[in-house]
Amino acid sequence: MILMKDIVREGHPSLRKRADEVIFPLTAEDYKLGEDIFTFLKNSNDPEISEKYDLRAGIGLAAPQVNAPKRIFALHIAELEGDAISFIAVNPKIISHSVEKTYLSAGEGCLSVDRVVEGYVPRYARISIKAFDLEGNEFKMRLKGLAAIAFQHELDHLNGIMFYDHINEANPFPDIPNATPLERD
């Protein structure tokens, strides 16, 4: 079971490296890695389990965040009304995106970052993605809003990019052309 101590923090070299494509069929180790990061997200959003193990709630976790340079991440967003997103993505890609942008008005956070980083992180408002599940079956989805933002955040992790790399240090709260802010409780 992945615990907070297993998640590497900013400054760790694995967060700045491009992760490797995964070959199918997956090794037992890669399969377990996908399941483990997915289980962490579910556990981190369960009040009893998260309190017992002192887990920070997360909606996404990428393999590089647990020091595994593999193109695998999981998303688990149960709070989207009727649109819950919960999957493991292997070798994920964005195949198309909207011109329109969005950003979280309260800013993004990250399980690998133990500080508040203020500023807008511009993301595509809508994306079409493709990825593989752990069995090697390709799937395609259209994502919008929080799910699209989270997918882009985790995909950045696979490319060695941190969310705050997108923040304009000179003007962290700019007017972003063609963008609609996303409010999140």
Side-chain angles (χ1 to χ4, degrees), residues 1-80 83-95 108-115 123 127-143 145-165:
M1 179 173 156
I2 293 174
L3 300 172
M4 289 307 298
K5 69 175 179 55
D6 302 312
I7 297 175
V8 299
R9 301 310 201 278
E10 62 181 318
H12 192 283
S14 76
L15 295 174
R16 290 299 188 175
K17 291 183 183 151
R18 182 174 169 80
D20 299 322
E21 289 272 324
V22 182
I23 307 296
F24 288 98
L26 295 183
T27 63
E29 179 183 292
D30 288 347
Y31 197 97
K32 183 177 184 321
L33 172 64
E35 288 184 323
D36 287 350
I37 60 177
F38 188 58
T39 299
F40 172 87
L41 293 175
K42 290 195 284 189
N43 288 344
S44 78
N45 285 281
D46 179 302
E48 285 181 30
I49 296 173
S50 66
E51 185 176 336
K52 179 178 180 181
Y53 294 103
D54 197 24
L55 305 178
R56 271 177 53 201
I59 60 173
L61 185 63
Q65 292 179 269
V66 292
N67 200 21
K70 309 287 177 102
R71 296 188 78 76
I72 301 172
F73 68 69
L75 291 182
H76 181 68
I77 312 174
E79 70 215 42
L80 293 178
D83 289 328
I85 296 288
S86 194
F87 60 82
I88 300 166
V90 180
N91 297 336
K93 291 181 173 44
I94 294 174
I95 52 177
E108 291 185 22
C110 180
L111 291 167
S112 292
V113 178
D114 291 330
R115 62 189 173 100
R123 303 283 189 187
I127 57 176
S128 292
I129 65 99
K130 77 173 183 178
F132 296 88
D133 65 18
L134 295 177
E135 279 76 35
N137 301 306
E138 184 178 85
F139 64 93
K140 295 180 178 179
M141 301 175 85
R142 288 183 172 187
L143 302 174
L146 183 59
I149 290 170
F151 188 96
Q152 291 169 81
H153 178 113
E154 299 310 322
L155 188 61
D156 275 354
H157 275 305
L158 303 186
N159 294 320
I161 299 167
M162 299 295 286
F163 76 92
Y164 48 74
D165 295 343

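Not measured: the values here are computed from a predicted model. In what follows, residues are counted from 1 in the order of the sequence shown.
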Problem - Geometric class of the Phe38/His76 ring pair [parallel <30°, tilted 30-60°, perpendicular >60°] - result: perpendicular
Exercise for the section: Kindly indicate, with the supporting measurements, whether the criterion side-chain contact (heavy atoms from CB on, under 4.5 Å) is fulfilled by Glu21 and Lys70. Expected result: CA-CA 6 Å; Glu21 289 272 324; Lys70 309 287 177 102; over 6 Å; no
Practice task
May I ask you to decide whether Asp156 forms a salt bridge with Arg123, counting only side-chain N to carboxylate O separations under 4.0 Å?
Solution key: yes
Handout entry: Where Val90 and Phe24 come nearest, the two heavy atoms and their spacing
Key = CG1-CZ, 3.5 Å
Handout entry: Worked check of side-chain contact (heavy atoms from CB on, under 4.5 Å) between Asn159 and Arg71
Key = CA-CA 9 Å; Asn159 294 320; Arg71 296 188 78 76; 3.1 Å; yes
Exercise for the section: Please work out which of the three classes, parallel, tilted or perpendicular, describes the rings of Phe151 and Phe87, given edges at 30° and 60°. Expected result: tilted
Problem - Where Asp54 and Met4 come nearest, the two heavy atoms and their spacing - result: O-CG, 3.3 Å
Practice task
Without swapping roles, check the side chain of Glu154 against the backbone of Ala62 for a donor-acceptor pair under 3.5 Å.
Solution key: yes
Exercise for the section: Report the C-alpha distance between Phe40 and Val66 in whole Å, list the side-chain angles of each, state the deciding distance to 0.1 Å, and finish with yes or no for side-chain contact (heavy atoms from CB on, under 4.5 Å). Expected result: CA-CA 11 Å; Phe40 172 87; Val66 292; over 6 Å; no
Handout entry: Distance (rounded to the nearest 0.5 Å) between Asn67 CG and Gln65 CD
Key = 11.5 Å
Handout entry: Any donor-acceptor pair under 3.5 Å from Asp133 side chain to Glu135 backbone
Key = yes
Practice task
Kindly determine whether Asp165 and Arg16 satisfy salt bridge (charged side-chain N to carboxylate O under 4.0 Å, His left out), including the steps that lead there.
Solution key: CA-CA 11 Å; Asp165 295 343; Arg16 290 299 188 175; 2.5 Å; yes
Exercise for the section: Supply the atom-to-atom distance Leu55 CG to Asn43 CG, rounded to the nearest 0.5 angstrom. Expected result: 6.5 Å
Exercise for the section: Return yes if some donor-acceptor pair links the side-chain N/O of Ser44 with the main-chain N/O of Gly58 below 3.5 Å, else return no. Expected result: yes
Exercise for the section: Using modelled atom types only, decide if a donor and an acceptor are shared between the side chain of Thr39 and the backbone of Asp36 within a distance under 3.5 Å. Expected result: no
Practice task
Ignoring hydrogens and angles, tell me if any N or O in the side chain of Ser112 forms a donor-acceptor pair with the backbone of Val8 under 3.5 Å.
Solution key: yes
Practice task
Check whether any side-chain heavy atom of His153 sits under 4.5 Å from a side-chain heavy atom of Ile59, and report yes or no.
Solution key: no
Fill in the blank from the handout: Minimal heavy-atom distance between Pro92 and Ala131, with the atoms involved, is CA-CB, 3.8 Å
Practice task
Provide the closest heavy-atom pair for Ile127 versus Ile129 in the form atom of the first, atom of the second, distance.
Solution key: CD1-CG2, 3.6 Å
Exercise for the section: Please check if atom CZ in Arg9 has more than 12 non-hydrogen atoms from other residues, nucleotides or ligands closer than 6.0 Å. Expected result: yes
Problem - Pairwise side-chain contact, Cys110 with His157, heavy-atom cut-off 4.5 Å (strictly under) - result: yes
Handout entry: Worked verdict on Asp114 versus Arg56 for side-chain contact (heavy atoms from CB on, under 4.5 Å)
Key = CA-CA 10 Å; Asp114 291 330; Arg56 271 177 53 201; 2.8 Å; yes
Practice task
Inspect the contact between Lys93 and Glu138 and indicate whether a charged nitrogen and a carboxylate oxygen are less than 4.0 angstrom apart.
Solution key: no
Exercise for the section: Verify, without hydrogens or angle tests, whether Asn91 (side chain) and Val22 (backbone) share a donor-acceptor contact under 3.5 angstrom. Expected result: yes
Problem - Shortest non-hydrogen separation from Gly34 to Ile88 and the atoms involved - result: O-CD1, 3.5 Å
Handout entry: Inter-residue atom distance Leu3.CG - Tyr53.OH, 0.5 Å rounding
Key = 8.0 Å
Fill in the blank from the handout: Here the gap from Asp20 atom CG to Leu158 atom CG, rounded to the nearest 0.5 Å, amounts to 10.5 Å
Problem - Nearest-0.5 Å distance that lies between atom NZ in Lys32 and atom CD1 in Ile37 - result: 11.5 Å
Completion exercise
In short, Ala57 meets Asn45 closest at the heavy-atom pair CB-OD1, 4.0 Å
Handout entry: Donor + acceptor pair across side chains of Tyr164, Glu108 (<3.5 Å)
Key = no
Completion exercise
CD1 (Ile95) and NZ (Lys140) are apart, to the nearest 0.5 Å, by 5.0 Å
